[in-house]
Amino acid sequence: MHAMSTTSTPSHFAPGSSVAVLLPLPLGGAYDYLAAGQPLAAGDFVAVPLAGREVIGVVWGEGRGDIDAAKLRPVIRRLPARPLPEVSRGFIDWVARYTLALPGAVLKMAMSVPAALEPARPLMALRRAPAPPEFKDTPARRKVLEAMTALPPLAPADLAREAGVGPAVVKGLVEAGALEPVEMAPPPAFAAPDLTLSRAELSPGQQEAADILVAALDKGFAVTLIDGVTGSGKTEVYFEAVAEALAKGVQVLVLLPEIALSAQWLERFKRRFGVAPALWHSDLGDARRRETWRAVANGEAHVVVGARSALFLPFADLGLIVVDEEHDGAFKQEDHVSYHARDMAVVRGQLGGFPVVLASATPSLESLANVQAGRYGLVHLPDRHAGAVLPLIQTIDLRRHPPPRAHWLSPVLVEAMEEVFAAGEQAMLYLNRRGYAPLTLCRTCGHRLQCPHCTAWLVEHRSASRLICHHCGHHIRLPPKCPECEAEDSFAACGPGVERVAEEAAKLFPQARIAVMTSDTCSGPHAAAEFVRRVSDHEVDLLVGTQIVAKGYHFPMLTLVGVVDADLGLEGGDLRAGERTHQLLSQVAGRAGRAERPGRVFLQTYQPDHPVMRALRVGERDSFMAREADFRRDAGMPPFGRLAALILSGPDAAVLDGFARTLAKAAPHAQSIQILGPAPAPMALLRGKHRRRFLVQCGRTINLQALLRDWLAKVTAPRGVRVQVDVDPYSFF
Ligand code: ADP
Ligand code: ZN
């Protein structure tokens, strides 16, 4: 990936000249308007007329001039917001070109808070009126007036609290004319980090790593991968780079895969820098969202910690990006604009001319390949901090040590759990399946309960007495009789979900305090933080959870991890199935034995000799990844070749197939380009829409984007048919 330099075009426009305005809408490109009233500059936010409405967009540059200037409609007004910086505009163009998204769709991500473009409403405070008219004096009123002699103007509620009176007293004084309102500038939304706090004493290895990251801050764009086992102090090390960047006065962005699950991380940040960072994620309230957007734009937010969408914030002066858990699949966005936040963070660093740090205990094959090719630097932290040892990972061969019928925990694992509980320690069972059972079938006729809108089984959630489709949310109660053969009470739950595993554990260990942690039981930052607190304070003996328990938590008393179905992620023909399973299970395993007490990990598997299981058992990540890389190189797959998916979807299967054939006929032919499909996508029906797929594969020397653009330009999709392009696809559903 190489960022292109932006060409220099005029950036100031006198009234009467034509300007191109990009709108945050799925349109072909920028539209021309007439600069009017006041001069405009590239990046200005402006309101323009569009089909009888007023829409806010951004001045993108000189008008394209394809419409007669006399016919151009004038810009309505310029908004009083800071202009969108040039580097942000360049980034939007870059992302649109790379992902084949419409530029307006990318701009929409950068303009997700239109209300922030209007000036912040001033705060109303109260002060004593200079010449108050006669008013009735009461002890409560006197208390307020006395309190005010020592206080600056305050908001009414604060004043009442300071004076120790009810709000009605303050209100009465205002009505009596004794107090008068004044406008105040809002206080800064984010306090500056404190760079003088004492930090952890780094080990020599950590210090060396930190020195490399700190030195990089003076050298412009460069990418450094911190490859360090779980618990080696990666966070501690990149905090040094964050501190140095802040000392230099630039803004810092830290991308985390799931902000809602990052309570422990935020605590550490506060301890290190004395303040909370600005957060950016989907659960932010409207007021906070506006405030944060403005603070990022005016430089008041020094450190932003966010989910992938934070990349599109209008930073005034960004000077460092850290992508923690860079291998995590949550960085890939699939809907609307499909992009990978790790890759786009690198592009953003290149356009901004500053360093990017990637951190992981299980780096992606892409990043490792970039290190090998010399494009990324590497710092390595091979040991856990303070001599904590890595957990011992063992496989349990389920063919030799099977659980009893309709049970899921092998006697070997149960015995280990007994020992852990007897020692007063904690255990965790991991199964990446929400609900009670993934499949419900009729024992009489074999009929399976399926979602009517998706190619998917309905998943029983016993706690909610429902069967739910995990793709579209469709849900039903368990029918009294089979819809196929009408047999009564004939349904059987097949296979385990976390609820069922927790039920089994509760029967085996009636004394154990068990908590189930999934996106169902633990949604939002507060619920997640409360879960983490309960486990940290040892109010829980056994934690049963989906992959959200794998995320970077540090529980000192957790010494046993049982993976209920280690083979789960290996199903299906996914390009990254092996890599991803290895990463996920390493992360899960990394939760065990993080402090003085050593940890043990058991992987229940039917394939103990699978390369993934072997690599985990003997701790040989590098040779495993090298082998995976060889496979991908031989197959011409990413990152050694280029890959894109085209997903066609629509309500009418016949229309869809007709269009798929048209597209196939127009497909480019060349020796070095392989086009697979059209074929029904693995999820051939999703939310009531049929889906067909093409996969396009080519060598790295070929401009995949240009090829796709030319191809798609040759055809027009019929009404109702949607074409989604996914460059560098990660999921193949
Ligand atoms: P990683 O990000 O590699 O998993 P962390 O930075 O989270 O590792 O460190 C793991 C634990 O060890 C944390 O509780 C952290 O506070 C502690 N730790 C790491 N390095 C040091 C150090 N130099 N001094 C004190 N504590 C440290
Ligand atoms: Zn469904």
Side-chain angles (χ1 to χ4, degrees), residues 197-211 213 225-243 254 256-257 261-273 322-328 357-363 379-391 435 438 448-459 461 466-476 532 536 550-558 583 586-597 599 649 683-691 733:
L197 294 178
S198 70
R199 56 170 176 82
E201 180 103 17
L202 298 186
S203 71
Q206 290 174 335
Q207 188 62 55
E208 202 179 313
D211 289 345
L213 300 184
L225 173 67
I226 312 178
D227 175 1
V229 296
T230 51
S232 59
K234 294 184 291 298
T235 317
E236 223 60 61
V237 166
Y238 73 64
F239 273 0
E240 290 309 293
V242 172
V254 181
L256 300 178
L261 307 177
S262 306
Q264 284 189 329
W265 190 98
L266 293 172
E267 273 312 307
R268 282 176 68 182
F269 185 91
K270 270 187 228 165
R271 247 179 286 141
R272 176 70 175 80
F273 294 104
V322 178
V323 185
D324 202 352
E325 310 289 1
E326 64 89 25
H327 64 278
D328 199 293
V357 174
L358 311 178
S360 176
T362 52
V379 302
H380 194 216
L381 295 171
D383 304 309
R384 279 192 159 182
H385 173 69
V389 287
L390 281 171
R448 299 159 171 220
L449 292 179
Q450 196 183 340
C451 176
H453 315 295
C454 304
T455 313
W457 310 127
L458 292 175
V459 178
H461 285 240
R466 288 217 160 120
L467 291 113
I468 305 177
C469 171
H470 283 181
H471 299 278
C472 72
H474 174 79
H475 55 85
I476 58 168
V532 170
S536 299
K551 307 270 174 182
Y553 293 125
H554 185 68
F555 300 126
M557 291 298 280
L558 184 75
Q583 281 160 348
S586 305
Q587 295 284 339
V588 176
R591 298 313 112 216
R594 304 253 310 176
E596 300 83 50
R597 297 164 188 252
S649 59
M683 291 283 291
L685 188 66
L686 180 63
R687 291 181 210 104
K689 299 264 170 64
H690 298 275
R691 302 168 83 241
F733 62 90

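FYI, the numbering just counts along the sequence from 1. Both counts, for ligands and for their atoms, begin at 1 and track the order of listing. Bear in mind the structure is a predicted one, so any value in this text is a computation, not a measurement.
- The nearest N, O or S atom of His453 is not closer to the Zn ion (ligand 2) than 2.8 Å.
- With respect to the salt-bridge test (charged N to carboxylate O, under 4.0 angstrom), the residues Arg199 and Glu240 qualify.
- Interface atoms of ligand 1 facing Val229, defined by a heavy-atom separation under 4.0 Å, are 3 (O).
- The distance criterion of under 3.5 Å between nitrogen or oxygen atoms is met by Arg268 with respect to ligand 1.
- Among the atoms of Cys469, an N, O or S atom is found under 2.8 Å from the Zn ion (ligand 2).
- Smallest separation of non-hydrogen atoms from Thr230 and Gly590: OG1-CA, 3.5 Å.
- Distances from the Zn ion (ligand 2) show that His471 has no N/O/S atom below 2.8 Å.
- Using 4.0 Å as the threshold, Gly231 has a heavy atom nearer than that to some atom of ligand 1.
- For residue His470, no N/O/S atom approaches the Zn ion (ligand 2) to within less than 2.8 Å.
- With rounding to the nearest 0.5 angstrom, the CG atom of Leu381 is 8.5 Å from the CG atom of Asp227.
- Relative ring orientation between Phe269 and Trp265 is described as parallel, the plane-to-plane angle staying below 30° on a 0-90° scale split at 30° and 60°.
- Near Gly233, meaning under 4.0 Å from any of its heavy atoms, are these atoms of ligand 1: 1 (P), 3 (O), 5 (P), 6 (O), 8 (O), 9 (O), 19 (C).
- Under the side chain to side chain donor-acceptor pair (under 3.5 Å) rule, Ser360 has a single partner from Gln587, His327, Gln583, which is His327.
- To the nearest 0.5 Å, atom OG of residue Ser536 and atom CZ of residue Phe555 are 5.0 Å apart.
- Using a cut-off of 4.0 Å between Lys/Arg side-chain N and Asp/Glu carboxylate O, Lys234 and Glu325 are scored as not salt-bridged.
- Which of Glu236, Lys234, Gln206 comes nearest to atom 3 (O) of ligand 1 through a heavy atom is settled by distance: it is Lys234.
- Near Glu201, meaning under 4.0 Å from any of its heavy atoms, are these atoms of ligand 1: 22 (C), 23 (N), 24 (N).
- Each of the atoms 22 (C), 24 (N), 25 (C) of ligand 1 lies under 4.0 Å from some heavy atom of Ala200.
- The distance between the ring centers of His461 and His470 falls below 6.0 angstrom.
- Rounding to 10 degrees, one finds that the Zn ion (ligand 2) sits at the corner of an angle of 110° between Cys472 SG and Cys454 SG.
- Distances from ligand 1 to the non-hydrogen atoms of Val237 include no value under 4.0 Å.
- Using modelled atom types, one finds no donor on one side chain facing an acceptor on the other under 3.5 Å when comparing Thr455 with Arg691.
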